Amino acid sequence: MNDIRVRFAPSPTGYFHIGSARTALYNWLYARGRGGKFILRIEDTDEARSTVPSVRSIIKGLKFMGIKWDEGPLIVKNEKGEDEITSVGPCGPYFQAQRRNFYTQAVDTLLSAKRAYRCFCSHEELAAERKSQLESKGRVGYSGKCRDLSHAQISQLMAEGREPVIRFRVEEGRTVSFHDGIRGDISVRSDEIGDFVIMRSGGLPIYNFACVVDDHMMKISDVIRGEDHISNTPKQIMLYEALGWEVPRFTHLTMILDIDGSRLSKRSGARSLLEYADEGFIREAIVNYLALLGWATKDSRNIFSPDELEREFSLSRCGQSAAVFDNDKLLWLNAQHIKNLSGADIRRRASAVIKEAGMDKYPEERLTAAIEMEKEKIKKLTEIPEKIGFLFDSDFEDDADVKSRAADTVRIVAKLAKALESAEPFSGEKIEEKVRAFAKAEDIKTKDIFHPLRWALSGRSKGPSLFHMCAFLGKDEALQRIGGYIGRYGGSGGE
Ligand code: GLU
């Protein structure tokens, strides 16, 4: 098997969460780094729990991450202009619910070869069997009662209307071994695995079986999935062998835990990937962060662009210990990636946030320029209105620090306003020159005029570079704001 083909095979039974997103990303990076193909397969055999909205959220989440699948489901517009979900690729359909004939064929092969058999045991019988096994502290697992039913017995039970499940006949006394891409060699004794069900009575395949049939038919070379599936792998290997199919390579990714070592909670990563996007996290940061949940370079570097990840990522540098989801690190990475973008790019990505805040009425170039000034301080796109709103709307409330200290500064600010009137052009450099010259002439420390000027212009103690902010506002607006400040605080202690 030379061709690298990986698959991401989610069950569409809920939102697209962080763990799934990481599995998808590792598969994608692995395939990209080796010129391989990435296949998306929807494992929707659980009819009761699988939903179309969940398929959509998976597709949306993958697209948000920039993952493009070579084969798999696609949302297209039909003649009526409505969205329709279909499949593209030579090994389709890529929805398990549409592949039942393949599973039936494979079951028939196993039945004919006596590697599988019909089992008529009822739920009650199986529960009673399990109970007595537990009581006698013996091995828990199917007893093999229906293993050797004769044709006549089977016909008789069928005639009675009993509907069998199909069980796989596990060979006794052997060891199933495989090499895990992260954990190395793993062996399991077959006696620990009882004959397991591969198809329900209605003809619906069980996950382990459908997965093997599909991975084989889709020519998957590497199965990369969560550690929660590690106990399924020996069963799947036995199925491959029984069907005479080549076994793919397996890699199981470690769990992702909360920072305190517990399972992920809603507060930490147990949320939809798209919620993070809505909250103002950008693609590059999320992809970068997910890549670090279980993988590291030798020098433990933190910041990677998606392109760098494609080049650098390798399964051999994935660790064996659980990854820890750290919100603060994600936020830090988001800030790092945001400041690498241009103001225009940030504005485009934040267009929904800007609209929501009613700021889309301002000219795009002005929004872009304001964002450019503040981008070093933006941690999430959702912070943008709060960070730049005051640059557009002078109807802000002064913060407490300004309120308590403004009155003593009114006289000097009023004098400075006069000096600023002659700043021409009203550029950052010219304003700075004027303000510094003013401080010198008045024999005051620069900070004693820089701060009050900032307060007057913005009502806050922190913000963008003072002179750029002043230039951004323009002379009329800046002088008007200074006038407003003098008006607000001039009554007490001012001129
Ligand atoms: N449908 C399974 C899941 O979502 C896929 C497991 C696998 O990758 O084999 O967990």
Side-chain angles (χ1 to χ4, degrees), residues 339 341-347 350 354 357-378 383-399 401-403 405-490 494-495:
K339 69 178 178 208
L341 303 176
S342 69
D345 194 357
I346 301 172
R347 178 187 51 72
I354 289 171
M359 293 183 67
D360 53 334
K361 59 178 182 269
Y362 302 121
E364 285 184 351
E365 323 79 69
R366 294 282 291 162
L367 288 165
T368 298
I371 290 171
E372 191 64 59
M373 268 196 300
E374 271 298 71
K375 71 180 187 186
E376 297 275 332
K377 299 195 197 75
I378 299 169
E383 292 171 355
I384 289 177
E386 198 274 318
K387 286 266 190 288
I388 65 166
F390 72 91
L391 292 168
F392 294 85
D393 186 357
S394 58
D395 191 17
F396 49 75
E397 177 154 12
D398 295 330
D399 69 25
D401 194 28
V402 174
K403 278 183 184 156
R405 297 165 68 190
D408 297 338
T409 67
V410 166
R411 196 193 55 81
I412 197 80
V413 170
K415 222 169 170 185
L416 173 67
K418 296 234 159 44
L420 285 180
E421 272 171 24
S422 63
E424 214 50 73
F426 203 68
S427 64
E429 297 73 43
K430 193 70 188 173
I431 296 164
E432 179 164 6
E433 190 187 303
K434 284 273 175 195
V435 178
R436 286 189 187 277
F438 175 81
K440 202 160 182 200
E442 293 292 316
D443 195 22
I444 55 170
K445 290 190 184 122
T446 47
K447 77 173 172 46
D448 290 334
I449 190 61
F450 286 2
H451 288 309
L453 177 58
R454 175 181 295 287
W455 301 341
L457 295 174
S458 68
R460 48 179 82 188
S461 320
K462 290 197 175 76
S465 124
L466 178 61
F467 307 113
H468 286 124
M469 170 168 78
C470 196
F472 176 88
L473 292 170
K475 192 186 280 182
D476 291 349
E477 175 71 14
L479 292 177
Q480 211 166 358
R481 287 187 180 200
I482 293 173
Y485 180 80
I486 294 166
R488 286 201 294 289
Y489 298 102
E495 282 180 329

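All of these numbers come straight from a predicted model, not from anything done at the bench.
Shown are Thr446, Leu453, Asp448; of these, the side chain to side chain contact (heavy atoms under 4.5 Å, CB included) with Phe450 is made only by Thr446. Evaluated for a side chain to side chain donor-acceptor pair (under 3.5 Å) with Asp398, the options Arg488, Lys403, Arg405 yield exactly one hit, Arg488.
A side-chain N or O of Thr409 and one of Tyr485 form a donor-acceptor pair less than 3.5 Å apart. Side-chain N/O atoms of Arg347 and Thr368 include a donor and acceptor closer than 3.5 Å. Using modelled atom types and a 3.5 Å distance limit, the side chains of Lys375 and Ser342 yield no donor-acceptor pair.
Other residues, nucleotides and ligands contribute only 12 or fewer heavy atoms inside 6.0 Å of the CD atom of Glu397.
Remark: side-chain polar atoms of Arg411 are not paired, donor with acceptor, to backbone N or O of Gly490 under 3.5 angstrom. Judged purely by atom type and a 3.5 angstrom limit, Lys387 has no side-chain atom pairing as donor or acceptor with the backbone of Glu374. The backbone N or O of Lys377 lies less than 3.5 Å from no partner atom in the side chain of Lys339, so there is not a single donor-acceptor pair.
Closest non-hydrogen pair, Gly358 versus Lys361, comes out as O-NZ, 3.3 Å.
The aromatic ring centroids of Phe472 and Phe392 lie less than 6.0 Å from each other.
Salt-bridge check for Glu442 with Lys415: passed, with a basic side-chain N closer than 4.0 Å to an acidic carboxylate O.
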